[in-house]
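In what follows, chains carry the letters A, B, and so on, assigned in the order in which the sequence lines appear, proteins first and then strands, with residues in each chain numbered from 1. As the structure is a computational prediction, the values presented were derived from the model and not from experiment.
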2 protein chains.
Amino acid sequence: MTIEDSTQVAVERSNSIKASKSHSSTQLTTSSSNATIYDVASRAGVSIATVSRVLNGYSQMKPTTRDLVVAAMRDLRFVPNNSARGLSSGTKMVLGMVFLHAEAIDPGLEVEDDTLLFTDAVIRGAEEEASKNGYALLLGGVGNARLTETLDRMYSNCDGVILLDRTVPDRSVPTIAKRLPTVLLAGNGKSRSAATIRVDNEEPMKQLANHLISVHGYQNIAFMAGIRTSPDSIARENSFREEVAHLGGAVEVDRLWESSYTTSGAIAAVEARLKIDRAMPQAIVCANDQSAVGVIYALEHHGFKVPQDVAVTGFDDISLSRRITPSLTTVRQPFQELGKAAVDVLIKICQGEIRGGAGSRVLPTKVIYRSSCGCTDVTESRVEKFMRGRG
Amino acid sequence: MTIEDSTQVAVERSNSIKASKSHSSTQLTTSSSNATIYDVASRAGVSIATVSRVLNGYSQMKPTTRDLVVAAMRDLRFVPNNSARGLSSGTKMVLGMVFLHAEAIDPGLEVEDDTLLFTDAVIRGAEEEASKNGYALLLGGVGNARLTETLDRMYSNCDGVILLDRTVPDRSVPTIAKRLPTVLLAGNGKSRSAATIRVDNEEPMKQLANHLISVHGYQNIAFMAGIRTSPDSIARENSFREEVAHLGGAVEVDRLWESSYTTSGAIAAVEARLKIDRAMPQAIVCANDQSAVGVIYALEHHGFKVPQDVAVTGFDDISLSRRITPSLTTVRQPFQELGKAAVDVLIKICQGEIRGGAGSRVLPTKVIYRSSCGCTDVTESRVEKFMRGRG
DNA sequence: TTGTAAGCGTTATCAC
DNA sequence: GTGATAACGCTTACAA
C-alpha cells in the first residue's frame with residue numbers, strides 16, 4: 001500500500017464521516033436518534049479520538065479540552081452506543097442470568113406463587129450488584145426446550161453468564177464455560193470448568209439433627225426431599241442423615257418423601273405416606289420451607305398436632321415461615337447475597353482478576369429456631385411475631 | 001469521489017477482511033472467541049452477504065446454498081455477534097425494564113420480603129413474553145439517585161423500555177419516550193407520550209363498596225391508602241369513595257390512613273389511629289394485600305376480631321391472602337399478564353405496528369370474596385383452603 | 001440468486 | 001496531548 005492509497009482512503013472516510021455527522025444532527029431535531037461521538041467532536045472542535053478518551057476516563061488530557069468535550073456531550077445529551085462499544089472493544093458490560101421458568105421447574109403441576117421466590121430474590125441481588133459495578137443484567141428464562149436459543153442470546157449479548165441450578169445439564173457446562181466466563185449458582189459445586197456459588201447446606205443440617213435428637217429427643221425422623229436430583233436437596237439430606245446416624249437416630253428411607261419443593265407436592269407425599277402407614281415419624285425435616293408448610297397443612301388435616309405429635313422443619317426462611325402457625329423452624333439462606341456474590345465473582349473473572357475454577361464460594365447459613373420443632377412458642381400476638389421476625 | 005478512489009477503498013477493506021478471517025479461525029482453536037460470518041462464508045464457499053441472508057431468513061435463495069451455509073454455521077457453532085447486528089441494523093432485540101429497588105420504594109424502612117412481589121412477577125411475565133418473541137430483557141433497577149445511569153444504560157442497550165410505576169417522575173416521561181419507544185406500567189394512564197398498561201382499579205372497587213354496604217350493611221368505612229402519590233392507590237381510593245358516596249355511606253377522611261403499601265406501615269397506621277380514637281370503623285378497605293395483613297394483625301393485637309368487629313379487604317391476591325386467618329377478601333390482579341402485555345405492546349411499537357399513545361390497555365381484575373369481609377368462612381382445613389385457592 | 005463494498009459508532013494504534 | 005484511521009462483525013444497497 002502506497003502513501004497515495006492511504007490518502008485516498010482517508011478522503012473516503014472523511015466523506016462518510018461528514019455524511020454521518022450531518023445525518024445525526026438532522027435527526028436530533030426530529031426525535032429518536034442519538035448524537036454520536038462525531039457530533040460531540042465537531043461541537044467541541046476536537047477529534048473523535050479525544051471524545052473517546054473522555055468517555056473512557058483517560059487521564060493524560062488537558063483539563064480544558066476535557067471540559068470542552070464534556071460540555072458538548074451534555075449539550076447534545078450524548079449517550080454512547082453500546083453496540084458500537086461492544087463491537088469495538090469486545091466488552092459489552094452486560095451479564096446474563098439464566099434461570100428456569102416455572103413451567104419447567106414443575107411440569108404438569110400448577111405453579112405455586114411462591115415457587116420462584118428463590119429465583120426472584122437472586123435476580124434482584126444480582127441486578128443490584130451488577131448495576132453498582134456498571135454492568136447491566138440480561139435475563140434468560142429457560143422454558144421447555146428453549147435452552148439453545150437462550151444460551152445463544154447469552155453468547156451474543158453478554159460478557160459472562162450466571163447459570164442457576166438445574167437450568168443446564170452438568171455435561172453442557174464445560175462447553176458454555178469455554179465460550180463465556182461462567183458462574184454456577186447453587187449447583188453441586190463439583191464443576192471444574194466454572195466457579196460455583198452456593199450456600200452452606202452441611203453445617204445447618206448437622207445442627208438441626210443435633211437439635212432434634214439431643215434437645216427434643218426425637219428418634220424416628222423422616223427427610224422430605226425437594227427434587228431428588230437437586231444438588232441442594234441431596235446435600236441437605238446427606239448431611240442430615242450422616243449426623244443422625246452419628247448420633248444413633250434413624251431416618252426413614254422411602255421414595256415417597258419427595259415434594260417437588262412445593263406445598264402441594266408435600267401434601268401429596270404426606271397423604272400417600274398415610275395410606276401406607278398411619279404412624280408418623282416424630283419429626284419431618286424438609287428440604288425447603290414450601291414443602292414444610294405443606295407437611296404442616298397435611299398433618300393438621302389428618303388430625304396430627306405440630307409440633308406436639310410431629311415436629312417439622314424447613315429450609316430457606318421465606319417470609320411465610322414466620323407467619324404460619326406454628327411458626328417454622330428453618331435455615332436462613334441469603335438469597336440476595338447469592339446473586340450478589342455470583343455477579344461479584346463473574347465480574348472478577350471477566351476482568352481477568354481470577355480464573356474460572358478459583359472463584360467458588362460458600363455462603364453461610366443460620367438455623368432459626370421457632371415453634372414447629374417443639375421449641376416453646378412464646379405466646380405473642382402476630383404483630384409481635386411479625387415485628388420480631390423482621391430483618 | 002472517482003471510481004479509482006472507490007477501488008482503492010475496496011482493496012483496503014479486502015485486506016482487513018482477510019486479516020479478520022484468519023484471526024478468527026486461529027482463536028477458535030484456543031477457546032473463547034467465536035466464529036464470524038467470514039468464517040462461515042469461507043467454509044461454505046459463499047460471500048458474507050449470503051451468510052447474512054441466511055441469518056435473516058431471506059427467502060429468495062437457492063435451497064442448496066442455504067443448506068451449505070446452515071451446515072457451516074452448525075459446524076463452526078456460529079452465533080452472530082449482537083453488538084455488530086445492533087450497530088449495523090439499529091435493532092438490538094433487547095427490551096429494558098426499569099423498576100425500583102426495595103430501598104427506593106420504602107426509604108428508611110426495613111424492607112419486607114414481599115414488597116417486591118409485584119415487581120418480580122411483572123419481570124417474569126415480561127421476560128417470558130419477550131423471549132417468546134426473540135427479544136431479551138435487560139433489567140434496570142433504580143436505587144437512590146441512580147436513575148440517570150440506569151436510563152443511559154437503557155438508551156445505549158435497548159430498542160425500547162418499560163417503566164414501572166413511580167420509577168420516573170411524570171415530567172421525564174416525554175423526554176424518555178422521545179429517545180426510545182416507551183411503555184408505562186401501572187402508571188396513572190394520563191401520559192400522552194407513552195402507552196400505559198394498567199389494571200382495572202375502578203370496577204372492582206365499586207363492586208367492593210357495593211358488597212360491603214349492600215350485603216354486609218357497613219356504614220362507617222376507612223380506606224387505607226398505599227402511598228398517596230401512587231396512581232394505583234389514588235385510583236382505588238377515588239373509585240371506592242365515589243361508589244360509597246353514591247350509596248350513602250361514609251368513608252373516614254384522615255391522613256393517618258396510609259401504609260406505604262407495607263405490613264409494618266399498616267400496623268403503624270392502625271396503632272396511630274387507635275391512639276386518637278379507640279372506635280374503629282366497621283370496615284377497612286386497603287390499597288393492597290400487604291397492608292391488609294398488617295391491619296388484621298394490628299386489630300387482633302388490640303383485641304378486635306376480624307371480621308366480626310371490623311371487616312378488612314385487600315388488593316392483589318398475593319398467595320398469603322389465602323393462607324392467612326381469616327382468609328382475605330381481595331381483588332385479583334394479573335401480575336404476569338401485566339408484564340406480558342407491556343412487552344407485547346412495546347414490541348408492536350418498536351416494529352412500528354402501532355404508535356406510542358395508541359397502545360394503552362386496561363387489564364381486567366376480579367373481586368375474590370373470602371372471610372375477612374364477613375362472608376361466611378367455609379369451615380375447611382388449611383389443606384382444603386390451599387387446594388381450593390390454587391389456580 | 002449471489003457478490004461487492006459502504007456504513008453503523010465505537011476503541012485503539014500509530015504518528016505527530 | 002491530540003489527530004488520523006484501521007478494525008470490530010454485521011446489514012443492506014447496488015451490481016452483476
Quiz item: Taking only residues two or more places apart in sequence, or in another chain, which ones meet Thr65(A) in a side chain to side chain donor-acceptor pair (under 3.5 Å)?
Solution: none

Quiz prompt | side chain to side chain donor-acceptor pair (under 3.5 Å) involving Ser360(B) - partner list, sequence neighbours excluded | solution = none

Expressed as a whole number of angstroms, how long is the span from [X]:[atom1] to [N]:[atom2]?
X	N	atom1	atom2	value
Tyr58(B)	dT1(C)	OH	C1'	8 Å
Lys92(B)	dC10(D)	NZ	P	16 Å
Leu76(A)	dG9(C)	CG	C1'	15 Å
Leu87(B)	dC8(C)	CG	P	9 Å
Met93(A)	dT11(C)	CE	P	12 Å
Asn82(A)	dT10(C)	CG	C1'	10 Å
Met73(A)	dT10(C)	CE	P	9 Å

Exercise. Please identify each residue that fulfils side chain to side chain contact (heavy atoms under 4.5 Å, CB included) with Met93(B), with sequence neighbours left out.
Key: Thr91(B), Tyr135(B)

Quiz item: Which residues satisfy the side chain to side chain contact (heavy atoms under 4.5 Å, CB included) test with Arg361(B), sequence neighbours excluded?
Solution: Ile197(B), Ala341(B), Asp344(B), Val345(B), Lys348(B)

Exercise. May I ask you to say whether Arg124(B) pairs ionically with Glu127(B), meaning some side-chain N is under 4.0 Å from a carboxylate O?
Key: no

Report yes or no: does [X] contribute a side-chain atom to a donor-acceptor pair with the main-chain N or O of [Y] at less than 3.5 Å?
X	Y	result
Thr182(B)	Leu180(B)	yes
Asp159(A)	Leu95(A)	no
Thr150(A)	Arg146(A)	yes

Self-check item: Net bend of the helix from dT1(C)-dA16(D) to dC16(C)-dG1(D), end axes of five pairs each, nearest 10 degrees
Solution: 30°

Practice problem: Assign each of Met61(B) and Val79(A) to its nearest nucleotide of DNA chain C by heavy atoms, then name whichever residue's nucleotide is nearer the 5' end. | Solution: Met61(B)

Exercise. Give the nucleotide from the list dG1(D), dC10(D), dG3(C) with an atom nearest to the side chain of Lys62(A).
Key: dG1(D)

Quiz item: Of the nucleotides dG3(C), dG1(D), dC10(D), which has the atom closest to the Pro80(B) side chain?
Solution: dC10(D)

Self-check item: side-chain N/O Thr50(A) vs dG3(D) OP1/OP2, d < 4.0 Å
Solution: yes

Quiz item: Any chance the side chains of Arg85(B) and Asn56(B) put a donor and an acceptor closer than 3.5 Å?
Solution: yes

Self-check item: B/S/- contact track for nucleotides 11-16 of chain D, protein heavy atom under 4.0 Å
Solution: BBB---

